[in-house]
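Sequence positions, counted from 1, serve as the residue numbers for this chain. Heavy-atom basis, side chains included; hydrogens, waters and symmetry copies ignored. In this text the structure is predicted, and so the values were computed from the model without any measurement.
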Amino acid sequence: MSGPPLTAGAIEFRHLTFAYPERGETLHDVTLTVPQGGLVVVVGPTGSGKSTLASLVCRVHDPPPGSVLVAGQDVLDVPRQALRRSVAYVPQEAFLFSRSLRANARLAADEAHDVRLRAAAAVAGLSEEVDAFPEGWETVVGERGLTLSGGQRQRVALARALVAEAPYLVLDDVFAAVDPAKEADILRALKDVLRGRTTLATTHRLRIAEAADWIAVLDEGRLVEQDTHAELLGAGGLYARLWRIQQIEAELEQA
């Protein structure tokens, strides 16, 4: 059973507590809303539960009933196929098939024409690299995309999500393997693309958080802070500490 795609709306986490059978509790009583058309960025130390939160939206794992809603519907009540047509999900470890770049990028939208494909590639910072490959979009990437760098795989997965033109976008640390200069270029290009699209992004690199409408901070599976970038810096809590550490690391890299 597939069902129709979901209409535009919000993503809601309501008192979400989630545990992996083999690892125990990963998220505890998380309540958070990504408003329709808004960008909410979830940050926190490694192991804080960011990736788990992202994965529950499109049911990579099933959350408890009533704890994760998209467009006002419990995700458990939405057929997986309809949910995944509505929510474009980019995991941290992007999976590519041993097919051409074109086939991988159009995986969620076989009907997408080249204009749409090239527009998505430009936003994802892929255009120059694809043009440099001898076979361009027909380049076969090899099993799991191992002929590409980690950053290239992430950007192909981002382009695939953008080609789908879904009303919801979930990005799980998609810039982890992308160099800072390329990340800055992509974020500038993403600004217009994300407008009107309900977007949840997780990250341990905080540049995207500056552009967010709202920031949520996880620590050991608990939501410990949430506010705007400016307010969180002023509060002097975990987000401010993470921000200072990142600024120092950037200064050391440039020295």
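With respect to R14 and E12, a salt bridge is recorded, a charged nitrogen being found less than 4.0 Å from a carboxylate O. The pair D62-R59 counts as a salt bridge, with a side-chain nitrogen and a carboxylate oxygen less than 4.0 angstrom apart. Look at R116 and E165 and you find a salt bridge, because one of the NZ, NE, NH1 or NH2 atoms lies within 4.0 Å of a carboxylate O, short of that distance.
To the nearest 0.5 angstrom, F97 atom CZ is 7.5 Å from N104 atom CG. For the atom pair L190 CG and I186 CD1, the distance stands at 7.0 Å (nearest 0.5 Å). The distance from atom CZ of F175 to atom NZ of K182, rounded to the nearest 0.5 Å, is 11.5 Å. To the nearest 0.5 Å, atom OG1 of residue T33 and atom CD1 of residue I11 are 10.0 Å apart. In this structure, the separation between CG on L32 and NE2 on H15 is 12.0 Å, given to the nearest 0.5 Å. In this structure, OG1 on T198 lies 9.5 Å from CG on L169, to the nearest 0.5 angstrom.
Counted within 6.0 Å of CD on E220, heavy atoms from surrounding residues, nucleotides or ligands total 12 or fewer; the atom is thus considered open. The environment of E25 atom CD is dense: over 12 non-hydrogen atoms of other residues, nucleotides or ligands sit within 6.0 angstrom.
Contact of the L16 side chain with the L56 side chain is registered, since non-hydrogen atoms from C-beta on lie closer than 4.5 Å. Residues V224 and L218 have side chains not in contact (no heavy-atom distance under 4.5 Å, counting atoms from C-beta outward). Side-chain contact check for L238 versus P45: some heavy-atom pair is nearer than 4.5 Å. Within the 4.5 Å cutoff, the side chain of V60 has heavy atoms near those of the Y89 side chain. Residues V156 and L101 have side chains in contact (heavy-atom distance under 4.5 Å, counting atoms from C-beta outward). Q247 has its side chain out of reach of L242: every pair of non-hydrogen atoms, C-beta onward, lies at least 4.5 Å apart.
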* Could you go through the side-chain contact (heavy atoms from CB on, under 4.5 Å) check for L171 and L158 one step at a time? => CA-CA 8 Å; L171 308 176; L158 175 58; 3.9 Å; yes
* Audit row: H229, L233, side-chain contact (heavy atoms from CB on, under 4.5 Å) steps and yes/no -> CA-CA 6 Å; H229 172 74; L233 285 184; 3.4 Å; yes
* Run the numbers on T139 and S100 for side-chain contact (heavy atoms from CB on, under 4.5 Å), then give the verdict. => CA-CA 5 Å; T139 301; S100 69; over 6 Å; no
* To do: Apply the test side-chain contact (heavy atoms from CB on, under 4.5 Å) to residues T228 and W214: give CA-CA distance (whole Å), side-chain angles for both, the deciding distance (0.1 Å), then the verdict.
  => CA-CA 5 Å; T228 63; W214 196 252; 4.3 Å; yes
* Candidate pair E129 and R155, rule salt bridge (Lys or Arg N to Asp or Glu O under 4.0 Å), full reasoning -> CA-CA 11 Å; E129 286 154 291; R155 286 182 287 125; 2.6 Å; yes
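The shortest non-hydrogen separation linking L200 to A54 is CD2-CA, 4.4 Å. Scanning both residues, T17 and D29, for their nearest heavy atoms gives OG1-N, 2.9 Å. R205 and A176 make their closest contact through NH1-O, 3.6 Å (heavy atoms, listed as atom of the first residue, atom of the second, distance). Taking all atoms of both residues into account, the shortest heavy-atom contact from L223 to Q226 is CD2-NE2, 3.4 Å. Nearest heavy-atom pair across A94 and A157 is CB-CB, 3.5 Å. The nearest pair of heavy atoms linking P167 to A8 is CB-CA, 4.3 Å.
For residues 186-195, the set of pairs meeting the side chain to side chain donor-acceptor pair (under 3.5 Å) definition, not counting sequence neighbours, comprises D185-R188, D192-R195.
A donor-acceptor contact shorter than 3.5 Å is absent between the side chain of S67 and the backbone of P63. Proximity of a side-chain donor or acceptor of D213 to a complementary backbone N or O of V40 within less than 3.5 Å is not detected. A donor-acceptor pair under 3.5 Å links the side-chain atoms of Q152 to the main chain of S149, judged by distance alone. In this structure, the side chain of D74 engages the main chain of G66 through a donor-acceptor pair within 3.5 Å. No donor-acceptor pair under 3.5 Å is formed between the side chain of S48 and the backbone N or O of D219. In this structure a side-chain-to-backbone donor-acceptor pair under 3.5 Å is present from K50 to G44. In this structure a side-chain-to-backbone donor-acceptor pair under 3.5 Å is missing from R102 to W137. The main-chain N or O of L206 is never found under 3.5 Å from a side-chain atom of T203 such that the two would form a donor-acceptor pair. A donor-acceptor distance shorter than 3.5 angstrom exists from the side chain of R84 to the backbone of C58, with no hydrogens or angles considered. Counting only distance, with no hydrogens or angles, the side chain of Q154 and the backbone of Q92 share a donor-acceptor pair below 3.5 Å.
Using modelled atom types and a 3.5 Å distance limit, the side chains of T202 and D173 yield no donor-acceptor pair. A side-chain N or O of D172 and one of S51 form a donor-acceptor pair less than 3.5 Å apart.
Linking Ile, Leu, Val, Met, Phe, Trp and Tyr whenever their side-chain heavy atoms come within less than 4.5 Å puts I215 and L187 in one cluster. One hydrophobic cluster holds both V141 and F133 under the rule that ILVMFWY side chains link at heavy-atom gaps under 4.5 Å. Note on L69 and L27: separate hydrophobic clusters, where clusters join Ile, Leu, Val, Met, Phe, Trp and Tyr whose side-chain heavy atoms are under 4.5 Å apart, directly or indirectly. Using a 4.5 Å cut-off between side-chain heavy atoms of Ile, Leu, Val, Met, Phe, Trp and Tyr, with links allowed through other members, I245 and V42 fall into different hydrophobic clusters. Taking hydrophobic clusters as Ile, Leu, Val, Met, Phe, Trp and Tyr residues chained together by side-chain heavy-atom distances below 4.5 Å, L76 does not share a cluster with V57.
Relative orientation of the W243 and Y239 rings is parallel, given thresholds of 30° and 60° on the angle between their planes.
For Y20 and H61, the ring centers sit closer than 6.0 Å to each other.
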